[in-house]
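Here the structure comes first, spelled out in structure tokens, and everything after it is commentary.
What you see is a predicted model, and the numbers here were worked out from it, not measured in a lab. Sequence positions, counted from 1, serve as the residue numbers for this chain.
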Amino acid sequence: MIDPVYSPAPDRYDSGMTYRRCGRSGILLPAISLGLWHNFGDVDPLAESLRKAHFAFDRGITHFDLANNYGPSYGSAEDTFGIIMRKSFAPFRDELFISTKAGHDMWPGPYGNWGSRKYLMASLDQSLKRMNLDYVDVFYSHRYDPETPIEETLQALVDIVRAGKALYVGISKYPRDKAEYAYGYLAERDVPCLLYQGRYNIFNREPEDHGIIADARAKGVGFIAFSPLAQGLLTNRYLNGIPADSRIARGGYLKEDALTGTTLDMIRRLNDLAARRGQTLAEMSLAWLLRDKAVTSVIVGASSVAQLDDNLKALRNTAFSPEELAEIDAITGR
């Protein structure tokens, strides 16, 4: 059987997606980006991965966020994306903004983890092969390595851009002082940091509290949020218990002890507020992030097209009254 040729929606840039300037760069990113951390590995049906990727692009999502060890298993999300590139997206490569990362455990031995020059460069070469790409649009140092000199890690990023294997570079989850050093080092070498990627949601305000977002904005660096729904807690999934097909039930990164009585009470009260706004809890949680123009984009995962469609509805209303913001802060104990 010959697969039908993918033809993207002709109105994909008039579908309601908004695009935001990434710091002081020429790059515009969709307000909502698609992350492939879960649901695109070799344990997931390829046909469903294709449907989600097509649906995303048809609705103006141009940014696909990956990392070397996304799956499961390690590398398999990039393998899946490589198939999507070959089957569907190759003719539209110049409309896509594709990111990957290295910094966490990837292969055995001393050279498959953290932030050495050897690991970053070897990992990116492997990622490009898996994804059927000549280059990525942005390559991240996925986490700060306290044992490797930061200059070694950052110079590897500079040299990756100069070698044409990435157009831009970013950092993820760096402590504030190390991020500030990275911004200066990279700018001095004419490879400015494009993006800081951090965990940020209604429950986790660390990028606010630690000055990460403010520093990025001051330095002309975009900020992109991952885990915007707190791995599913900020949805209606757990309002009535733990579903059998949920992340908690499947024994993933989200553990049952995260769903305490206090957390469940907060989820229910936030859900009530979302309903008064005419939104689902997931929609409101994404809209809450996007209320701040310093947030360039939020990265959502999707187990289904229906879930992704619900997330995109957040763009219909990202405005909050002072009273609504105060209520969210009161619910979460701010």
Side-chain angles (χ1 to χ4, degrees), residues 29-41 52 56 61 63-72 77 99-101 103-105 138 140-144 170-176 179 195-210 212-213 216 222-238 246-260 263-264 266-267 270-271 274 280-292 294-304 307-308 310-312 314 318 328 331-332 334:
L29 291 184
I32 292 178
S33 301
L34 183 61
L36 279 70
W37 181 29
H38 296 295
N39 305 309
F40 286 84
K52 287 181 289 189
I61 293 179
H63 179 213
F64 293 80
D65 180 79
L66 297 103
N68 56 355
N69 64 352
Y70 285 1
S99 62
T100 196
K101 317 174 192 74
H104 286 280
D105 177 51
V138 62
Y140 290 92
S141 170
H142 206 170
R143 62 173 170 172
Y144 169 67
I171 57 175
S172 178
K173 300 177 296 189
Y174 270 47
R176 181 181 183 181
L195 283 164
Y196 183 105
Q197 186 173 136
R199 179 181 285 105
Y200 186 35
N201 56 60
I202 287 175
F203 287 158
N204 187 326
R205 310 283 187 93
E206 288 185 8
E208 286 180 30
D209 297 339
H210 295 175
I212 294 293
I213 295 176
F223 178 87
I224 186 165
F226 74 90
S227 196
L229 302 179
Q231 296 192 59
L233 289 178
L234 287 166
T235 70
N236 60 11
R237 291 278 283 164
Y238 300 102
S246 67
R247 286 188 181 181
I248 289 179
R250 294 198 309 264
Y253 286 92
L254 188 62
K255 304 301 182 185
E256 187 170 353
D257 59 11
L259 194 63
T260 64
T263 299
L264 184 56
M266 288 192 291
I267 293 169
L270 289 168
N271 188 66
T280 66
L281 177 53
E283 289 171 44
M284 185 185 78
S285 299
L286 296 173
W288 180 86
L289 289 168
L290 293 169
R291 83 199 187 284
D292 186 349
V295 175
T296 307
S297 183
V298 298
I299 300 169
V300 301
S303 59
S304 67
Q307 185 184 65
L308 183 55
D310 179 50
N311 290 343
L312 287 168
T318 60
I328 290 171
I331 290 171
T332 55
R334 297 290 293 176

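Expressed to the nearest 0.5 Å, how far CZ of R176 lies from NE2 of H210 amounts to 9.5 Å. Rounding to the nearest 0.5 Å gives a distance of 10.0 Å between CG of L286 and CG of N201. In this structure, CG in L233 is found 9.0 Å from CE in M266, a value given to the nearest 0.5 Å.
With a 4.5 Å cut-off on side-chain heavy atoms, I213 and Y200 count as touching. Looking at M284 and L281, their side chains come closer than 4.5 Å, going by heavy atoms from C-beta outward. Looking at S33 and D65, their side chains never come closer than 4.5 Å, going by heavy atoms from C-beta outward. Residues I202 and I331 have side chains not in contact (no heavy-atom distance under 4.5 Å, counting atoms from C-beta outward). With a 4.5 Å cut-off on side-chain heavy atoms, L312 and I61 count as touching. Residues F203 and I267 have side chains in contact (heavy-atom distance under 4.5 Å, counting atoms from C-beta outward). Using a 4.5 Å heavy-atom threshold, the side chains of W288 and L270 count as separate.
Relative ring orientation between Y144 and Y174 is described as perpendicular, the plane-to-plane angle rising above 60° on a 0-90° scale split at 30° and 60°.
Formation of a donor-acceptor pair under 3.5 Å by the S172 side chain with backbone atoms of Q197 is found in this model. Judged by distance alone, with hydrogens and angles left aside, the side-chain atoms of K101 form no donor-acceptor pair with the main-chain N or O of N68 at under 3.5 Å. A donor-acceptor pair under 3.5 Å is formed between the side chain of R143 and the backbone N or O of G103. Remark: the backbone N or O of I224 is not paired with any side-chain donor or acceptor of S297 at under 3.5 angstrom.
Closest non-hydrogen pair, F40 versus A302, comes out as CE1-O, 4.4 Å.
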(message) Could you walk me through whether Q231 and L234 satisfy the side-chain contact (heavy atoms from CB on, under 4.5 Å) test, starting with their C-alpha distance in whole Å, then the side-chain angles of each, then the deciding distance to 0.1 Å, before giving a yes or no?
(response) CA-CA 8 Å; Q231 296 192 59; L234 287 166; over 6 Å; no
